[in-house]
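Remarks on the structure that follows.
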Amino acid sequence: MLDGKKSLFSGMQATGTLHLGNYLGALKNWVELEDEYETFYCVVDLHSITIRQDPAELRRKARSLLTLYIAAGLNPEKNCIYYQSHVSAHAQLSWILSCFTYMGELNRMTQFKDKAAKHVGNINAGLYTYPVLMAADILLFQSDIVPVGVDQKQHIELTRDIAERFNAIYGDVFTIPEPYIMKTGSKIMSLQEPEKKMSKSDENVNATIFLLDDTDTIIRKFKRAVTDSGNEILYLEDKPGIKNLIEIYSIATGKAIKDIEIEFDGRGYGEFKLAVGEAVASMLKPIQERYNQLGQNKDYIDGIIKTNAEKADYYANKTLRKVQKKVGFPERIR
Ligand code: TRP
């Protein structure tokens, strides 16, 4: 809770480009939460350097992600969209929390094991303590809910454990956050291997629709989408390819699954794939136009970066000061 309002925190890495699964499973739904919650959407650039990054590229991608948040519909007057590196309280709280986190707990994190296996030449301490920084992100804003994909659930569990441990020693300092796993759109699958989730790092570019793909590219990728044997447009568990396309079409058009089956009765996969491609392209078009417009409006985006960082800094420091006092750091002399 922040100032009597429920609060929400979520973060995304600026590495890689957002794809259709990120949009339908996250961003699109976030837009509806702005009235109910005090929201914080952070571009987590501190987390990004746990893997080696090209500096110019990281800066460009971070700005692109922040712009895309706005283009996708998050009103920056109502949602606090900012860079993690602009609010030093993240790193400060992370240090304190690392003293309340056991190595045994971090050893169990599956994402650490996966990433360590992928980057054997750079298993740095930051990669190891990544979940503590994430806990700091969330707890700084007294977050009630944290919208994330299922892959982040273990990190939220750890955040709750750290918060409860801290509260048990020092009293009610932190709100205990709940993970908030989106119902619709959280299972957008690869267009090439529909048993696998759509991913930004898929080696096959045809598997993934990126938010900034142009209309022709989108339609071409849907035309090439892997479908199942048969040719009926039916939503069935054992037809994962066509099921995924029906799901995407349903979200893009707002049509019910039953109605889609009726609409495409007897019309075949080819026609349906084209319809899905067109629906997705026209859903993304306004976002892309807005993204391009925003890209030309440097002063506007700079203004948002500045005011939102100040807002995040204000709330984050309120929590940090409280924590510093609780653990026994000396008071500041004013
Ligand atoms: N680890 C998250 C991911 O890779 C990103 C993230 C960082 C995050 N801090 C967060 C998500 C806090 C939610 C809340 O997806």
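Indexing begins at 1, ligand by ligand and atom by atom, following the structure's order.
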Exercise for the section: Please determine, by modelled atom types, if Y291 and S64 share a side-chain donor-acceptor pair under 3.5 angstrom. Expected result: yes
Handout entry: Nearest heavy atoms of K255 and Y249, plus distance in Å
Key = NZ-OH, 3.3 Å
Completion exercise
Taken to the nearest 0.5 Å, the spacing of H155 NE2 from F112 CZ works out to 10.5 Å
Practice task
Would you mind telling me if ligand 1 is within reach of the side chain of I138, the backbone, both or neither, using heavy atoms under 4.0 Å?
Solution key: side chain
Practice task
State whether a side-chain donor-acceptor pair under 3.5 Å links T39 with N79.
Solution key: yes
Completion exercise
One should read off an interatomic distance between T101 OG1 and Y128 OH, to the nearest 0.5 angstrom, of 10.0 Å
Problem - N/O separation below 3.5 Å, Q152 to ligand 1 - result: yes
Exercise for the section: Below 4.0 angstrom from a heavy atom of H47, which ligand 1 atoms are there? Numbered from 1 as shown, please. Expected result: 7 (C), 9 (N)
Completion exercise
Atoms of ligand 1 under 4.0 Å from any heavy atom of F9, numbered from 1 in the order shown, are 12 (C), 14 (C)
Handout entry: Per-atom contacts of ligand 1 with D137, taking only distances under 4.0 Å to non-hydrogen atoms
Key = 7 (C), 9 (N), 10 (C), 12 (C)
Problem - Numbered atoms of ligand 1 (with element) below 4.0 Å of V146, judged on heavy atoms - result: 13 (C), 14 (C)
Exercise for the section: Considering heavy atoms of the protein only, find what lies nearest to atom 10 (C) of ligand 1 and give residue, atom and distance to 0.1 Å. Expected result: M134 CG, 3.4 Å
Practice task
Report, in ascending order of atom number, the atoms of ligand 1 lying under 4.0 Å from any heavy atom of V44.
Solution key: 7 (C), 9 (N)
Exercise for the section: Give the residue and atom name of whichever protein heavy atom lies nearest to atom 1 (N) of ligand 1, and the separation in Å to one decimal. Expected result: Y130 OH, 2.7 Å
Practice task
Measure the CG-CG distance between L191 and L245 for me, rounded to the nearest 0.5 Å.
Solution key: 6.5 Å
Completion exercise
atom 5 (C) of ligand 1: closest protein heavy atom, distance to 0.1 Å, is G11 O, 3.6 Å
Exercise for the section: Compute the centroid of each ring, for Y315 and then for F141, and state whether the two points are separated by less than 6.0 Å. Expected result: no
Exercise for the section: Measure from the side-chain N and O atoms of N244 to the backbone N and O of M189, and report whether any donor-acceptor pair falls under 3.5 Å. Expected result: yes
Exercise for the section: Find all atoms of ligand 1 within a distance of less than 4.0 Å from any non-hydrogen atom belonging to V148, and give their numbers and elements. Expected result: 11 (C), 13 (C)
